[in-house]
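Structure, as structure tokens:
Bear in mind the structure is a predicted one, so any value in this text is a computation, not a measurement.
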Amino acid sequence: MKIEKAEVSEDIRTSQIHAGVAENPYPQINRRQVSTTVHVKDGETIVIGGLAQRQTVDRVAKVPWLGDLPGVGRMFQTVEQTEQDAEVVIFISPRLVKPTL
């Protein structure tokens with residue numbers, strides 16, 4: 001079995017409206033893809049992995065109004081960074097279809 005392209009796509013824009021999204025309304029797509037050739041018997045399952053992603057997410061907590069002040073606003077903010085790992089695994093179980101006469 002030859003798999004030309006298995007792909008995982010996602011729009012990575014932020015869900016909040018800000019100046020960057022207003023200037024560029026087109027989606028920013030993160031694509032991960034894999035191509036392979038495998039030998040598999042009828043009914044057996046193959047697993048395609050390795051479509052991994054590591055992402056750092058910044059969460060900002062701030063005191064209302066004070067956290068928005070230019071210059072001194074950072075004294076009233078806390079930034080928490082978390083790393084998120086995700087991996088997509090594809091399971092394929094091919095079946096041979098025999099023609100009926």
Side-chain angles (χ1 to χ4, degrees):
M1 175 181 353
K2 185 172 186 174
I3 299 170
E4 292 293 329
K5 181 170 68 169
E7 179 177 331
V8 177
S9 303
E10 62 185 330
D11 185 354
I12 58 173
R13 288 183 298 181
T14 179
S15 59
Q16 298 175 353
I17 302 296
H18 57 74
V21 173
E23 291 172 9
N24 184 7
Y26 302 108
Q28 297 174 358
I29 304 295
N30 180 16
R31 288 190 174 110
R32 295 171 283 160
Q33 51 185 261
V34 63
S35 299
T36 189
T37 302
V38 294
H39 296 278
V40 60
K41 293 181 182 178
D42 182 31
E44 289 187 345
T45 301
I46 60 169
V47 180
I48 300 173
L51 296 169
Q53 175 183 14
R54 175 169 281 175
Q55 173 178 344
T56 302
V57 177
D58 293 339
R59 293 189 180 149
V60 179
K62 59 185 173 182
V63 177
W65 299 293
L66 295 175
D68 295 326
L69 292 173
V72 295
R74 290 190 177 186
M75 294 189 318
F76 300 100
Q77 295 179 356
T78 322
V79 178
E80 177 186 345
Q81 285 189 337
T82 57
E83 287 192 6
Q84 298 175 344
D85 292 332
E87 182 171 359
V88 175
V89 180
I90 301 168
F91 293 85
I92 301 174
S93 299
R95 306 266 191 248
L96 290 178
V97 178
K98 297 177 184 172
T100 56
L101 299 175

So CD1 of Ile46 and CD1 of Ile90: to nearest 0.5 Å the spacing works out to 9.0 Å

The reported gap from CD1 in Ile48 to OG1 in Thr36 (rounded to nearest 0.5 angstrom) is 6.5 Å

Rounded to the nearest 0.5 Å, the CD atom of Glu44 sits from the CZ atom of Arg95 at a distance of 10.0 Å

One should read off an interatomic distance between Leu66 CG and Arg74 CZ, to the nearest 0.5 angstrom, of 16.0 Å

Any side-chain heavy atom of Val47 sitting closer than 4.5 Å to one from Val89? yes

Rounded to the nearest 0.5 Å, the CZ atom of Phe76 sits from the CG atom of Asp68 at a distance of 11.5 Å

Inset, instruction - Determine yes or no for a side-chain-to-main-chain donor-acceptor pair under 3.5 angstrom, with Gln77 supplying the side chain and Ala61 the backbone. - result: no

(message) Main chain of Leu96, side chain of Asp42: is a donor-acceptor contact present, judged purely on distance under 3.5 Å?
(response) yes

